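Keep in mind it's a predicted model, so treat the numbers as computed, not measured. Computation of the quantities below employed the complete heavy-atom set of this structure, encompassing side-chain atoms and omitting hydrogens, waters and symmetry-equivalent molecules.
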Amino acid sequence: MTNPPTSHRRSLVAGTVGNFVEWYEFGAYGFFATVIAANFFSTTATSDAESLIKTYASFALAFFFRPIGAAIFGRVGDRIGRRPTLILVLLLMTGSTTLIGVLPTYASVGALAPWLLTLVRALQGLSAGGEFGGAVSIMTEFAPAGRRGRYGAWQSFTVALGLLAGAGLAAILATVLSKEALTDWGWRVPFLVALPLGLVALWLRLRLEETPSFTRTQTAAAQPGAGGAAEPRPAGAGEVARAIALGIGRLMGWSAAGYTFLVVMPSYLQATLNATFQQALVATVLANAGFAASILPAGALSDRIGRRPVMMTGAALVVVLAFPLLNLLQDKEAGTAAKGAAVFVAGLVVGLMAGPGPAMLAEMFPTRARYTGLGLAYSLSNAVFSGSAGLIITELIKQTKNIDIPAWYVVVTCAVSVVALATLRGDDHRRELRD
C-alpha cells in the first residue's frame, strides 16, 4: 500500500506533538526541581538536600507508572488502534500537567501538598507510558521505505524541542521575575501553558488516520484462514518478553545519559558546583541544543548504514568522554566557552543514540504487539535509568561526597548498552516491519 504524502506529514505532526507536550512538562519539572522542593517538600525540619531528594523521588515515581501506562494503553492500542488510544493519552497528559499549575503548596495545606503532587505525577506517568509506543508506531508504520530512522528520529527530536522549550521558558521567567516571585507563583506558568498546547495537539490528533499496518492486521484477523501464507503469525508472549528485555539493554545508556546530561544537570550544577540558577539553565539549553542538532542527522544516517554503528558510536563516546567533560565543568579555572562546549558535546553524543532509537525499537516487534512491546521497553528503561537518575545521583553524592558520580552513572550504563547494541542485525533498517 502506498500512502499519500499528506498521511506521512500528518503522522509526523500528530505523533510528535503530544510527545512535545510531555517532555516540555518533564523538562520544566526537572528545571524547577529546587523551586518545587521549596514549595512542596520543604519544612523547618528538612534540609535543602532532603527536600530535593524528595522532589526527585516524586519525579522517579512518575517514571515507575510509565510501564503500567505502557501495558494498559499499549494493549488498547494494539487492539482498537493507535489513533483513538493516542487521543485518550493526550487528554490525560494535558489534564494532569495543567493540574500541577494550580496545586496548593505546603504553606497552604501542609503535608497534603506533596501527596497531591505525587498523585498528579502518577497520572502523568500513566499517560507518558502510553504516549511513546503509540507515537513511534504511528511514525514508523506510516514511514516510506528506507526512511524509518528519519521518521522515528522526530520522536526524539521533539524530546529535545520540549526540553528546550521548558528550559527556555524557565530561563525567561528566572530573568524577568524576582527570586521571590519565581518561588511564589512564577514556577506555575510552565505547567499552565500545557493547556493551550494540549488543545492544539488534540486538534491535530483528531485529524489523524489509522496506520496501514494496523489496518492490514485487523483485516487479516477478521478473515481467519483467508490470508494463507501471508496471514500474520501471532506474537508469542515469550518472544515479546525477550525483545523487551533486550530493548531495555539497548536503551539504558540513552536513558541514563540523556536524563543526566539534559535534565538532572541544572540541579547538579547548583547543588554541587554552586552555579546560579541562570548559569545552570544556560548550560542545560546548550546541552539540549547539542542533543537536538544530532538527532535527525543520526536517524537519517542510520537509514543508510544501519542502526547498530550509529547507536554504538554514541554509547561508546559517552563512555570515553563522560569523565573529561564532567571534570571540565568542575574546573574553576576553565573558561565559560570551554564549559559551554563541554555540555554541547555531551548532548550531541546522546543524540547519536536517540536518533535511530525509536526505529530500532519498532523493528524489534510485530505490528500486533508493537505498541505494547516498544512502549514497555522504553518505559521500563526510563523508569529505572532516567526517572531514578536525579534521585540516585543526588543521594550518592550526599552519601559519598564524590562529585564524579554522574560520570560513573552514565559510563556504566552506556557500557552495558554497547554490548546489547552489538547484537543488532546489520540489515534491520532494510527489512519491512513485521505484521
Side-chain angles (χ1 to χ4, degrees), residues 18 20-66 68-69 89-131 162-163 165-167 169-174 176-199 201-202 263-264 266-267 277 281 387 390-391 394:
F20 173 86
V21 175
E22 172 196 338
W23 287 92
Y24 158 81
E25 185 283 328
F26 270 83
Y29 189 93
F31 303 141
F32 280 108
T34 53
V35 179
I36 292 172
N39 275 288
F40 286 89
F41 296 95
S42 184
T43 69
T44 55
T46 59
S47 67
D48 289 343
E50 289 172 338
S51 296
L52 187 59
I53 288 170
K54 289 178 180 178
T55 304
Y56 275 131
S58 175
F59 190 78
L61 180 68
F63 275 88
F64 280 97
F65 273 86
R66 284 187 173 206
I68 300 174
V89 164
L90 180 64
L91 290 172
L92 180 59
M93 181 194 309
T94 302
S96 56
T97 299
T98 305
L99 272 177
I100 291 184
V102 298
L103 285 179
T105 62
Y106 198 97
S108 300
V109 295
L112 181 61
W115 285 105
L116 290 174
L117 178 63
T118 300
L119 174 62
V120 175
R121 295 294 295 170
L123 294 176
Q124 285 181 313
L126 288 174
S127 65
E131 172 67 27
L163 292 174
L169 183 53
I172 292 171
L173 291 170
V176 301
L177 297 178
S178 65
K179 184 177 180 180
E180 291 73 21
L182 191 68
T183 303
D184 184 34
W185 60 267
W187 64 270
R188 297 182 183 273
V189 173
F191 301 101
L192 295 175
V193 168
L195 180 58
L197 289 177
L199 292 176
L202 178 61
V263 177
V264 176
S267 296
F277 186 64
L281 282 173
L391 183 62
T394 305

Using distance only, find each side-chain donor-acceptor pair of residues 189-196 under 3.5 Å and give its atom names and separation, not counting sequence neighbours.
none

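- Under the rule for a side-chain contact (heavy atoms from CB on, under 4.5 Å), the partners of Leu99 that lie at least two apart in sequence or sit in another chain are Val102, Val120.
- With sequence neighbours excluded, the residues forming a side-chain contact (heavy atoms from CB on, under 4.5 Å) with Leu202 are Ile87, Leu90, Leu91, Leu206, listed by chain and number.
- In plain terms, the two heavy atoms of Ala165 and Phe20 that are nearest each other are CB-CZ, 3.7 Å.
- Side-chain atoms of Arg188 come within 3.5 Å of backbone N or O of Gly101 as a donor-acceptor pair.
- Between Trp187 and Ile100 there is a side-chain heavy-atom pair separated by less than 4.5 Å.
- For Leu112, the side-chain contact (heavy atoms from CB on, under 4.5 Å) partners two or more places apart in sequence, or in a different chain, are Val109, Leu116.
- Listed by first and then second residue, the side chain to side chain donor-acceptor pair (under 3.5 Å) pairs involving residues 91-100 are Thr97-Gln124 (not counting sequence neighbours).
- In this structure, the separation between CD1 on Ile172 and CG on Leu177 is 10.5 Å, given to the nearest 0.5 Å.
- Shortest non-hydrogen contact noted between Gly166 and Tyr24 is N-CD1, 3.6 Å.
- Taking CG from Leu126 and CZ from Arg66, the interatomic distance works out to 11.0 Å, rounded to the nearest 0.5 Å.
- Looking at Arg121 and Glu25, a side-chain N of the basic residue comes within less than 4.0 Å of a carboxylate O on the acidic one, giving a salt bridge.
- The nearest pair of heavy atoms linking Pro104 to Ser108 is CB-CB, 4.2 Å.
- Nearest heavy atoms, Phe40 versus Pro114: O-CD, 3.4 Å.
- With sequence neighbours left out, Ala107 forms a side-chain contact (heavy atoms from CB on, under 4.5 Å) with Thr105.
- Interatomic distance, CZ of Phe32 versus CG of Leu169, reported as 6.5 Å (0.5 Å rounding).
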